[in-house]
Structures are given as structure tokens and as C-alpha cells.
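Just so it is clear: chains get the letters A, B, ... in the order the sequence lines come, proteins before strands, and each one is counted from 1.
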Protein chains: 2
Amino acid sequence: MTSQNDAPAHPRRGWADKRQAIIRGARTVFGRDGYAGIDAIATEAGVSTRTIYNHFQDKEQLFSCAIQESAVQVRDALVEQMSRHLDTVTDLEADLLALAHAWVASMAQFPDHFALVRLMTAEANRFPAEALDAWQELGPRAARAALAHHLGLLAGRGLLEIGDPDRAARHFHLLVFAEVTERSHHGAVPLDEAVITEIITAGVRTFLRGHIPPPGAGRQQ
Amino acid sequence: MTSQNDAPAHPRRGWADKRQAIIRGARTVFGRDGYAGIDAIATEAGVSTRTIYNHFQDKEQLFSCAIQESAVQVRDALVEQMSRHLDTVTDLEADLLALAHAWVASMAQFPDHFALVRLMTAEANRFPAEALDAWQELGPRAARAALAHHLGLLAGRGLLEIGDPDRAARHFHLLVFAEVTERSHHGAVPLDEAVITEIITAGVRTFLRGHIPPPGAGRQQ
DNA sequence: ATGAAGTTGCAATGCACGTTGTACTCTACC
DNA sequence: GGTAGAGTACAACGTGCATTGCAACTTCAT
């Protein structure tokens, strides 16, 4: 599925380095300036324009590669945070809050990535469907699956009551992440720390009300 | 705040008509083709390119006007649906479900508008902050305030238990709307009816679990 | 009717940019 | 150390497009 955008094997040393530099430059420039000119990317990457076209078919393919690489990186960060906060849970609410804060912090840590996502979304009508799917699979869906896995384990320990772990993961994501995303315009406008805390606190509370087992036994409409 | 984009009073008859035609054409073309050429808009509106520049300073101002007008229209539709479904509530869950379905249907009814929103979001970094604010105030914030009002009334009748009506409105919006928005890429990719129903049903259920008064008395958490 | 205001079609300007070709240089490998 | 495979600088091409000027034409208020 990512076949078209995978880095082809290549004998020459340093080749992959150039490719990496270009992709990184593309991510930076696309993130900062929008769907900007190739020249800016070449400058940012310390590479000639011609080299970019030696590595990539055209601007669009470069963009696809950039967003895919970026998505993997962000996903890894999110997954790592889940492990850190949910592997050993003592106080569930506190740990969920900590995870939520860590996620939101990631948004500030990878501003370029989220700018790319915004660009892609804006062009969703005209963007190649395979690239859209590839991104969703590599990024959001994978992250959500990881969260679902963790929530499922917590449910197994009796700390949560969950019908469908994947749906629970989506709801958690929506309540703590989607609102921050929306309010900050996908990270474009920074949000007050107090506002973030308020959103997260309320979101986690609503989530838990919907997914905490009743104090006594184990049934609930 | 919208002063810059309001239609200036004008003696001449037919003037406002042209302006309207241009704005409508802009919305259609921007929505369909992205941040497209002025010529396309002129053709769509049945107007000469030059006339557009007689009415608007530049493309950007035209875009701002288009999205503001569009936002008001969509907001009115959403508000009207709230009245229809929440003014006389018999079965709360059923009515909320109906409202949610109506909202999602609106997304399909105003595809151009949501494409405009996507465009604006993609450019959020570089878009004039006042225009961004004007849109948020006219559209999403107003709609959410209306929903908060309705939910507050329902809480007054004892059908819901709500701390902050505005927060409850946000959570409802997130659980039933944000996910559809995200999954369909802001309406760019149509969603299966079954998927929509599943999302809405689960969202309303989680919402109600968090905001329904306990069967017995009136305290909770 | 008449003149001012608005509209139109057209051309022109000017710029930004994707993409490619070419000739030269560099460098990793043998 | 030589050579083939990369990279680079540079220029050129073509295009698309926002924006403006202009002269002729239409429309509306009085």
C-alpha cells in the first residue's frame, strides 16, 4: 500500500541521506508555509531543485512521502506515551489525565505534522485516495488501535467496563483530543494551558462516567 | 468585527444582487475546486472578472465574505433543527438521535461550506485572525450556544443533569459530530449510512450516561 | 432623456512556479 | 586513481493566474 512511496533500495551510500534530508525539509516547509514552492524546500534541505526531481516524481509524491513519514513518527510518540501512562495504572483517572496532557503536548511538539494533515484534509476531495488511506492506516488508525488495546487490558482488570474497546478508544480520543484540535484549529492557534486543562478534565470525566463499572457489581445498561 | 466584510450600503438597485451572485459563485467554486481561479468564479457567477474586483478588494476578502455568509446559513439550518427536535421532547434519547442524524445530513447538504472551512483551517496559520474569529463567532460558537440553551432547558425539566450547559453542548457535539467529521474528512469522503448510525448511537449513549440524572434522586459524583 | 454610476470584454502586465535539459563537478566504490 | 553514478548550478520553457487599465456599453435615478 505504501509501495509507491517506499524508499527504493539503492547501492550508493549517502543516497538515503539525501532522500531523508529532502523529506525532512519538505515537512518543515510544507508545515510552515503551506503547499509552498519547491525552491524553498530545496534551500531548506540544502539540496538543489534538480535533485528533488531525481528522487521524487513530482511535488505531490514528495508531499505524500513527507506526511507518511511524519505520521509514523507521531504515532510512535503517541504509542510510547500510552505505554508510559497505561502500562501500570494505579489511579485510573489520574493516569488518563496524564496521558491526555501528554497527547496535547505532542500536538505542540509536532506542529509541522499537523499542518500537513490540515493541508491534506483541505484537499481531501482531490487528494489521491490511496495516499489518504495509507496515512490513516499508518497514523490515526494505528494509534487508536493501540489505545483500544490498552483500554481492553484495563477492562480485563475490572477497571473499566467497555463494550467495544475500539469505540471506547474513539470516544476517549474525541473527548480529550478532538476538542483541543478543533479549538486550536489543528494546533494553528495555541491554547491557554488553563483552557487545555479544563477541556481535558471535563473530557476524562465524561469518558469515565460512560465507561466505569458500577461500584457494586458488574452490570450497567 | 465583520465591519470589513459587510456589504456597504449602496444607492444603486441591482448592486446587492451582483454582490450576492459573486459570493454565491465563490462559495460554489471554492468549495468544488479549492482555492481556485477568479475566472472560474466569474464564469460561475455570470459576471466579468473586472466586476469582482469592483466589489471586492482581492480574492482573500472575497473568500472571507463567502465563508461568513455560508457560516450564517449553515448555523441557521442547525439552529432550526434543534428547535424542531428539542422544543418538545418526549423520548430524550430518540430526540437526540434524530437531532444528530439531522446534523449529519446537513453536512451532506452543504458540502461547499465544509470545504470552505477545510480550506480556511489549512491556512489557519496565515489566515487573518479577525476573519477566523468572525467565522467562529458567527458559526460554531453560535450553534453551540443554541444547543447549550436547549440542554439547559432540558436540565431544568429534570431530564438531564448538567453542570455547565456549554460544556455539555461541546461534548454532545464532539461525540456525534466530530467523529463523523473526522472519519469523512470534513465531509469530503461520504460515509456509509450504517457507519453513521453506529457512530451516532454510540455517541448519544455515552453522552447520556454522562449527563442523565440517577434514577432515584438528584445527586451524582 | 440624460448623466453618473456600474458593467463588460479584452488586453496587458507581471510574477511565481513546476518541471526539464544540459554541461559541469563531486564522490563513493573498485 | 579512475570511472560511473549522483549531485549542482543555471537557464529556459511554459503556464497559470491575480490584478489593473481602458474604452465601449448598459442601467438606473432623477
Could you give the [atom1]-to-[atom2] distance, from [X] to [N], as a whole number of Å?
{"X": "B:Ile41", "N": "D:dC17", "atom1": "CD1", "atom2": "P", "result": "11 Å"}
{"X": "B:Phe63", "N": "D:dA18", "atom1": "CZ", "atom2": "P", "result": "14 Å"}
{"X": "B:Gln61", "N": "D:dT19", "atom1": "CD", "atom2": "P", "result": "11 Å"}
{"X": "B:Ile52", "N": "D:dT20", "atom1": "CD1", "atom2": "C1'", "result": "14 Å"}
{"X": "A:Ile22", "N": "D:dG7", "atom1": "CD1", "atom2": "C1'", "result": "10 Å"}
{"X": "A:Leu62", "N": "C:dC17", "atom1": "CG", "atom2": "C1'", "result": "15 Å"}
{"X": "B:Tyr53", "N": "C:dG9", "atom1": "OH", "atom2": "C1'", "result": "16 Å"}
{"X": "B:Asp17", "N": "D:dT27", "atom1": "CG", "atom2": "C1'", "result": "13 Å"}

Salt bridge or not for B:Glu198 and A:Arg167, using N-O below 4.0 Å? yes
[N] phosphate, OP1 or OP2, under 4.0 Å from [X] side-chain N/O:
{"X": "A:Lys18", "N": "C:dA28", "result": "no"}
{"X": "B:Arg50", "N": "C:dT8", "result": "no"}
{"X": "A:His55", "N": "D:dG7", "result": "yes"}

Less than 4.5 Å apart, any side-chain heavy atom of B:Trp15 and any of B:His55? yes
Side chain of [X] only, heavy atoms from C-beta on: which candidate in [options] is closest?
{"X": "A:Ser48", "options": "D:dT19, C:dT19, D:dT8", "result": "D:dT8"}
{"X": "A:Asn54", "options": "C:dC17, D:dG7, C:dT7", "result": "D:dG7"}
{"X": "B:Trp15", "options": "C:dT19, C:dG6, C:dG18", "result": "C:dG6"}

Quiz item: cation-pi between B:Lys59 and B:Tyr35, 6.0 Å / 45°: yes
When the nearest nucleotide of DNA chain C is assigned to A:Asp39 and to B:Thr51 on a heavy-atom basis, which residue is associated with the more 5' position? B:Thr51
Mind checking whether B:Trp135 and A:His185 have parallel, tilted or perpendicular rings, split at 30° and 60°? tilted
Answer yes or no: side-chain N or O of B:Arg12 and base N or O of C:dA5 forming a donor-acceptor pair under 3.5 Å. yes
Mind listing the closest non-hydrogen atom pair of A:Ile41 and A:Ile22 along with its distance? CG2-O, 4.1 Å
Looking for any heavy atom pair under 4.0 Å, which part of the strands does [X] touch: base, sugar-phosphate only, or nothing?
{"X": "A:Ala40", "value": "nothing"}
{"X": "A:Ala36", "value": "sugar-phosphate"}
{"X": "A:Asp58", "value": "sugar-phosphate"}

